[in-house]
Every structure is written in C-alpha cells, then in structure tokens.
A.B. asks: 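For reference, the structure I am asking about is given below.
This structure is a prediction, so every number in the text was calculated from the model and none was measured. Lettering of chains follows the sequences in order, A, B, ..., and the numbering in each one begins at 1.
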2 protein chains.
Amino acid sequence: MSETQRQMILATFIHNSGAHPGGWRWPGAPAVDQHDFAHYAHLAQTAERGKMHCYFSGDSVGFPSISGKEAFAATDYAGKLEPTTLLGALAAVTQNIGLIATASTTYNEPYNIARRYASLDHLSKGRAGWNVITSASDGEARNFGRDANMDHAGRYARAEEFVDVVKTLWDSWEDGALLRDRENARYFDPDKVHELAHEGEFFKVAGPLNVARPPQGHPIIVQAGGSEAGRALAARTADLIFTAARSLEVAREFYTDMKRRAALFGRNPDHMKVIPSVQFLVRSTEEEARRAEAELLALVPEALALRTLSLQLGVDLSHLSPDDRLPDIPETNGGKWVQESIVHMAREEDLPIGVLARRVVVSRASFSFAGTPEQVADLCEDWFRKGGADGFSLSPNYLPGGLEDFVDEVIPILQRRGLFRTEYEGGTLRENLGLPVPENAFVADPTLGREPRMWA
Amino acid sequence: MSETQRQMILATFIHNSGAHPGGWRWPGAPAVDQHDFAHYAHLAQTAERGKMHCYFSGDSVGFPSISGKEAFAATDYAGKLEPTTLLGALAAVTQNIGLIATASTTYNEPYNIARRYASLDHLSKGRAGWNVITSASDGEARNFGRDANMDHAGRYARAEEFVDVVKTLWDSWEDGALLRDRENARYFDPDKVHELAHEGEFFKVAGPLNVARPPQGHPIIVQAGGSEAGRALAARTADLIFTAARSLEVAREFYTDMKRRAALFGRNPDHMKVIPSVQFLVRSTEEEARRAEAELLALVPEALALRTLSLQLGVDLSHLSPDDRLPDIPETNGGKWVQESIVHMAREEDLPIGVLARRVVVSRASFSFAGTPEQVADLCEDWFRKGGADGFSLSPNYLPGGLEDFVDEVIPILQRRGLFRTEYEGGTLRENLGLPVPENAFVADPTLGREPRMWA
C-alpha cells in the first residue's frame, strides 16, 4: 500500500442470482440456474477483470425462515451451491482474486473447517478466506438435531473458541516443516509439527492438522457481526469486516468503534479492514437509475416483502396491515444488528410497515443507491475519505449486469482518481489487502505444542 | 452396456504421492508437493485421457497412528489436500471422468455432507461420488472431542442411518421443482420440495436440503468395507464397492457374496459394481518389472514397515524381532477386513514378521503385481472373466508414472481385446457405470414428506 495515496479495498458479495430479491426476475439479465458453475465462473472472472480484492460467497445451512408458502416460492434463496466446493472450482479458473467462503461455527467442527480452508488456500495459492458466521435461524438448527437455535451469547462464545482452535490448527505445521527429502527418507521434519491438545469449554481437539500450513499462514478471517458480541469477536479475530450501514454516520460510528476495539486487543488497527456492504444501481443518467430502481422493486411481491421484514425482525407481523406502525420488538436470538438498524429506521422516519418492508427487503439495512457512475464514485470516495470505510463490499442487485456495470463504469473512475489500483500488486489475498502473515503460535511460544501422542 | 461384450470398469485411487510407501522417494518421478493442485489436475486429466470411469481421492481426518517419530517422518500420509475442495477444483479442469471424494460418517453431519456432494454433483454436471468411511483410528477421534474411537458396531449403525438421511435429503427437491418462472414470481414449486422430519437413533434432521436434486439423482455411493457390518452396509447402499483381495480366490468369494447380498436387499446385483483394488508395476520385460519392484521396496525404511504392520493389525509389535512369527491378535475396533487378511496371509505361508511387514506395507493386503503390459492385461481379463471383478481400482505405486504406464500401455490392450471402451458413452458417472437414476423417495411414497414448517 503506497504511502502517498491510500487505496480502496473492493469486494463483491455474490448472493444467488442477485442481492435484490427482485434481481432473479430482472428481464435484462439472463435466466440463471444457480446450480450452474458457469454463472459463478463468469462472475469471479468479471470481478478479477476489475482487479477487485475478493469474491464472497454467502451461505446458510437451511432454508430461510420466510413464512407463507407462496411468498417463499418467490425467493431465490433456497437452491444453490455450497461455498467451499464452489470456491474450490473457482480457484481453478481464476488467478488473482481472493475467494471467501462462508461457514458456520455452530454447525461444524473446527478440525473439518481448518482442513477445508487450508486446502482452499493451497488450491488457490494463498487466496482463501473464511467468512465466520454463527447461524441465527431455528430452521437451520432443525437440520442439526436441535429444536431451536442456540442462544446468541452461547453461539458467540462457541465462535470465539472455534476461531482460536482453527487458527492454532493452521499453525500446527511450522513453515518449512515439509522437507520432501528423498535421500534421507524424511518427508517432513517431525520437530516442526505439533499437537495442540486443546481442551476448552466447547471443543477438545488434539491435532496436528493433516494439511501443511496454508500459504497465507492463516486464510483471511472475515466477519459481519454488528452486535456487541459480534463486534468483540471481529475486533479480536477478523482481518476483514463487512457491515450493514444505512448512512455515512452509521458507517463512521462502526468504523471508529471497530478500529478502537482492535487497538484494545493490541492489534494494529490498519491490519483490520472495514468495508460497508453497498448495493448500487448504475445508469448513464440519474433519471434512468431511479427508473430502474423502481422497476426492480416492483418485481418483489408485497407478501414477500412483508414476510421478509418479519424474518429480519424475528417476529411475526402477519396480523398487521401495511399502514400500521411497527410495534415494540422483543429481543430475539437472531441477528441483533440488522434488527436494531431496522427498528431505528422505522422510528426515525415514522414509516408504515408496508414502506419499511419494501425498503428493508432490498437492502437488509445496508446502503442502497441508484445513480450515475460519477455519483457512485463520488459516494465511495466520500465515505472512504471521511472515515467511514477502507473500501466496499458490492452486493450486485442482479447478475451479472450489476457487477459488470460497476467493473466497467465505476472502477475506471476510481482508478483515474488514484483511489483504486490498476493491477494486482501481491500474489496472495493477504498481500493484496496489505496484511502481514500471522506469526506461528507454536514458534512464538515453544511451550504451547506437544509431540503427537501417536508417535510415542 | 452392450449385451455382446461386458465392459470393465476402471478407476484410479489416488493416494498422496503414490500408494506405495516408497513411491514418494522414487527417483524417476518428479518431487511432488502434495499441496500443489497441478499434481492432481495432471492425474485426473491423465485418467480421463485413458477414458477411466473415476478418480478417487482417499482421506482421513487426522494423522495415521504410526508410532515412532522417525518412522512416521518417512511417510507421505500426513500433509495433503482435503478431498471435497480438491474435487471441486478438479471438476473445473475435467469434462468426463467421475470424481469420488472420501468423507467420514463418524465425524460429519448428514446435512453438511448432503450439501457438499450435491454441490459437487452440480459443479461437475453429474460426475460426483461419495466414498463412505467410518474412520477407524483413535488419532482421528481425538480431533473431534473423543478420547478413543467409537466401537465398530456403533460406527456402522451410525453409518447406516447417515447414508439413508443423506439420500433422502438429496430427494427433498423433486426433479422439476426448480421453475425459475419470472413471469409468475415462482422460483420453485413449493409442492415439490419436502421436509423429511427425520428422527432416528443418531440424527434428527428436518430438511429440506437447500440444494436442488443432484443431476445423478444421487451421487454415486462408494464403499470398501470387508467386515460383516461393512458388507451389509455396502450391499444395501453402495453403487460401487472396492475391496482388498490378495488373490483371485479371495476376490471371487467377495464378489459372489456381495452380489448375493445385494439380491437379498431386493437390488439388481448388476447395479452394484465390485472392483478389487490393484497395484501394478508395468515394464517392457518381466525382469525389468521385478527389478523395479525390488528397488521400490528398498525405499521403505524397515522401521516404517514394522510400524505400519502394527498399525494395520491394531496391536503394538515393537517388542518382537523381524524373525518372530505373528502372535495371536486380539479383536480391535479398527478395520477388521484388513486385519483378518493379514493374519491369514501370515499363517498360511508361515511368514516371519519382517517379511510380512514388507509385503503388507506395499499393498495393505490388496493385490500387487509387477509384469509386462500383456501380463497385466491378462491378469485383469482373467479376474474379470472368472467372476472376481466388474473392473479394477488402480492404486498407482508412484505418481504420475504408475498411472501413465497403465493408461498408455495396458488400457490400449484392454481396448483391443474389446474389454474396455474407447470413448465415454454417457454424460454422467452414473450413465458411464451403467446404473439407473434412483427413484425419488418422496415421489415413490407421497406420505413420506411434510411441508416445511417455516412456511406455515
């Protein structure tokens, strides 16, 4: 990263056929089969053509809990590819872009996650990242032997230990442990491979991992938590944080708070990047952009909008009319940050439920804007210069057009302004983000590791 | 499959840098980094050039339990890529070959496995398979919160239920459920998507899966169990069975028994393929082949051979001398079939431990042969015609040479004899194996499914 001009980080978060719930119906886009690899390969290659830092793949381990069968049938959330297998395939058809896959700490085991992401990092020669989620819905819980989700505090306590175990597993082979010394029959140096013998509140994991240390040391850790527990986890463990911010003010509050928290954990705040999630609709004129925005929103059935609002608030609003105001919302075990943002938005502008639902269904409380390429670039520059963002996570409304427009129309403006690079500088995602390789925990503290028990 | 001439199935089982423990040290092979995707891409493309049916990727979720630090350091078992992410990547660089990844039923959840393999099947357009293992070692158990492995019977009871749940999850979307009807805002037909509401001894899984039904209906189920419990599981659930057979007689016993068992479960025995695992060393003359065999064996340190014998028998033999005979072996919770085969071999030929160890370290009780291309082809034809095999799973001793030699020297002979095809006939692995698409369980029994609870 140059001293003379701070550079933006640009990522794209790919959500099925588009982040906008009307996106899959957009007449100008091809009718995408979300199970077709060619769809994703084109997107990753388009983002790479734009020199974007990373491609995110979102995930959940179940159906979204949208009530109402017909409202549900209008969503494209349900059928798609699993991220770690998909990103394995994308690694084979891209060269530079970072590949970030979402996986849950509530419904996985640390050893399995450590292996898959280490493997992705090797497959991609150092371009993997893990978006850590705790999974908020009861629908997901029911696929894993539970009747309801773990409570919010328990999920985050488990996530804290989970991430630590995974990072330590990634360190269980020191760099240079792999010898492949044919002459002396030493495939690896056993003194550089360590057992963790971890025993914590949630996990007991011996190790070592059966994958050598990843090229990045650790694949990039990504998080999106906005709640108190989410912020604490992200500030301590994450390299890259994306956030839902409905305004520059909200973005600045979050940005400032997260950098402060990182410093409290003894981290260099520059080594934790904050990128708000944004939805842009780009057209040559403001009028065209507004028209496209309205057309896209008209593709969302009203029932789906209202049911989605219920889902995001974690309460059933189906007994209310679209003209009613939002009642008091009890605390739930779902995603707290999105819930609080929506309630704040409703109260601040005194919005009827019907209007609130249409706004929320588009953006999930994150920032949505329709305008010309110059206006979008101005907005990005403004947030970037005013302490709201280290860059942005673009959620294209529909695909591939929403991503292509940004790459072809907006990125060249940012490049001309010197705010975004014109070529990948580093070989790994970590290098391209300007983040150092983490020190190996077993090298830092030689008393930490044990010799694997099976060697005795 | 033609009525006039029954055709062989040919697979290759890729084990790190080669199935032979001396393989990674073979001077004629390139020094492979097992974390380098290019290594595996070349192998899969070589097998595909030979029109082989499938590429298998073995796996374990931990280090092998070889005692003795220096013996262990001489193995290449420890550091490699995780199969499902690797096969995702291989799907992107191959067109026809089947891709079979190993995963454990003891250390995974059915919902996660169903998703990853459904995803691999979509990514590869119907070329995925799941090699079902139950994981036999305590070293693996210690990575997942346990002190020791589950007992053999418990592991198999869990595996039986696990496979059934995964297959039912694959059926939870009927074929044709995905509508993508933009005009009427129906992304899918909710009447064709079902909740399982499974509640069994080991698992409680609601469903539906959040991936549409795989192109093959079900990815191919592969198994290798030789024990009573393993045979029962395979006969009921597997499409493809590979087995360790040290002679044609053993292969015939297994083949006959498995076809009989399949029929007892009401299955068409032709729809369950049995392929013994074989290691071939191919040279232009018998003498060269024997010499190469001896050279390869000389690359295995004696300590590693003895420790590997201990591992495979599940008992510590380190107090014995190489000239001693094998003592009585108590029953363990490990892999029973391999253990029984080794004990039988030792008793039958009255082998000293040192000799037994060198033989076992090469082949794990499966069939190993060194000879000319014609001799190897003769042997394959003999087993195939005499009721020992539907085909073979080649474990190349070293890589890529062991695979290249088979593809370039042996397969053309089998093709000339009309025993092996010269082109892929079908589009999917299932079609290429001559197996029908399974009927959807929810279509077969409309009382089975429920409407997903979240839609109420």
Side-chain angles (χ1 to χ4, degrees), chain A residues 24-25 31 35 37 60-63 65-69 72-76 78-82 84-86 88-89 91-93 107-109 111 115-116 119-120 122-123 139 142-145 173 178 180 182 185-188 190 203-208 210-212 301 452 454-456, chain B residues 24-25 31 35 37 60-63 65-69 72-76 78-82 84-86 88-89 91-93 107 109 111-112 115-116 119-120 122-123 139 142-145 173 178 180 182 185-188 190 203-208 210-212 301 452 454-456:
Chain A
W24 74 270
R25 298 181 66 198
H35 300 85
F37 175 61
S60 63
V61 284
F63 271 30
S65 300
I66 292 177
S67 61
K69 186 167 157 181
F72 197 99
T75 73
D76 67 340
K80 59 175 181 177
L81 299 175
E82 185 278 334
T84 61
T85 45
L86 169 61
V93 298
Y107 302 116
N108 281 293
E109 289 281 338
Y111 199 86
R115 292 184 74 212
R116 295 226 300 286
S119 187
L120 275 177
H122 284 289
L123 278 168
R142 287 197 294 266
N143 294 327
F144 294 87
W173 291 57
L178 204 57
R180 298 189 284 133
R182 293 172 166 194
R186 281 166 69 90
Y187 184 74
F188 65 92
F203 304 107
K204 200 164 88 171
V205 180
N210 57 359
V211 186
M454 66 277 283
W455 299 353
Chain B
W24 74 271
R25 298 181 66 198
H35 300 85
F37 175 61
S60 64
V61 284
F63 271 32
S65 300
I66 292 176
S67 62
K69 186 168 156 179
F72 197 100
T75 73
D76 67 339
K80 58 176 182 178
L81 299 175
E82 185 278 335
T84 61
T85 45
L86 170 61
V93 298
Y107 303 116
E109 289 280 338
Y111 199 86
N112 289 335
R115 291 185 75 213
R116 295 227 298 287
S119 186
L120 275 177
H122 285 289
L123 279 168
R142 287 198 292 268
N143 294 327
F144 294 88
W173 291 59
L178 203 58
R180 298 189 285 133
R182 293 172 166 195
R186 281 167 69 91
Y187 184 75
F188 65 92
F203 304 107
K204 200 165 87 172
V205 180
N210 57 359
V211 186
M454 67 277 283
W455 298 353

A.B. asks: Distance from B:Arg25 atom CZ to A:Arg182 atom CZ, nearest 0.5 Å?
C.D. replies: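 Here the rounded value is 9.5 Å.
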A.B. asks: Heavy-atom pairs under 4.5 Å with chain B - which of A:Ala185, A:Ser67, A:Ala206 has more of them than the others?
C.D. replies: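 Heavy-atom pairs under 4.5 Å are most numerous for A:Ala185.
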A.B. asks: Which heavy atom of A:Val93 sits nearest to which heavy atom of B:Ala92, and what is that distance?
C.D. replies: CG1-CB, 4.1 Å
A.B. asks: Nearest 0.5 Å, what's the CZ-NZ distance between A:Arg115 and B:Lys80?
C.D. replies: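 Here the rounded value is 7.0 Å.
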A.B. asks: Tell me, out of B:Leu178, B:Asn112, B:Leu120, who's got the most heavy-atom pairs with chain A below 4.5 Å.
C.D. replies: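 Result: the option with the highest number of such pairs is B:Asn112.
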A.B. asks: Taking every heavy-atom pair that is under 4.5 Å apart, which of A:Trp173, A:Phe37, A:Phe203, A:Phe63 has the most such pairs with chain B?
C.D. replies: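 When all of A:Trp173, A:Phe37, A:Phe203, A:Phe63 are compared, A:Phe63 has the most.
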A.B. asks: At a heavy-atom distance under 4.5 Å, which candidate from B:Arg180, B:Glu109, B:Arg186 has the highest pair count against chain A?
C.D. replies: B:Arg180
A.B. asks: Grab the two heavy atoms, one from B:Val61 and one from B:Tyr107, that are nearest each other, plus how far apart they are.
C.D. replies: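 Residues B:Val61 and B:Tyr107, closest heavy atoms: CG2-CD1, 3.7 Å.
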A.B. asks: Please determine if B:Glu82 and B:Arg116 form a salt bridge, counting it only when a charged side-chain N lies under 4.0 Å from a carboxylate O.
C.D. replies: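 Salt bridge present between B:Glu82 and B:Arg116.
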A.B. asks: Under 4.5 Å, counting heavy-atom pairs only, tell me which of A:Ala91, A:Gly139, A:Pro208 racks up the most with chain B.
C.D. replies: A:Pro208
A.B. asks: With a 4.5 Å cut-off on heavy-atom pairs, point out which of A:Val211, A:Asn210, A:Leu123 contacts chain B the most.
C.D. replies: A:Asn210
A.B. asks: Who wins among B:Gly145, B:Pro452, B:Gly207 for the most heavy-atom pairs under 4.5 Å with chain A?
C.D. replies: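 With the most close heavy-atom pairs to chain A, the winner is B:Gly145.
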A.B. asks: Between B:Gly68, B:Ala73, B:Ser60, which shows the greatest number of heavy-atom pairs under 4.5 Å with chain A?
C.D. replies: B:Ala73
A.B. asks: Report the C-alpha separation of B:Phe144 and A:Val205 in whole Å, then their side-chain angles, then the decisive distance to 0.1 Å, and conclude whether the side chain to side chain contact (heavy atoms under 4.5 Å, CB included) test is met.
C.D. replies: CA-CA 6 Å; B:Phe144 294 88; A:Val205 180; over 6 Å; no
A.B. asks: Among A:Ile66, A:Thr84, A:Asp76, A:Leu86, which has the most heavy-atom pairs under 4.5 Å with chain B?
C.D. replies: A:Asp76
A.B. asks: Begin from the C-alpha positions of A:Phe188 and B:Phe72 and carry the test ring pair (Phe, Tyr, Trp, His ring centres under 6.0 Å) through to its verdict.
C.D. replies: CA-CA 9 Å; A:Phe188 65 92; B:Phe72 197 100; 5.7 Å; yes
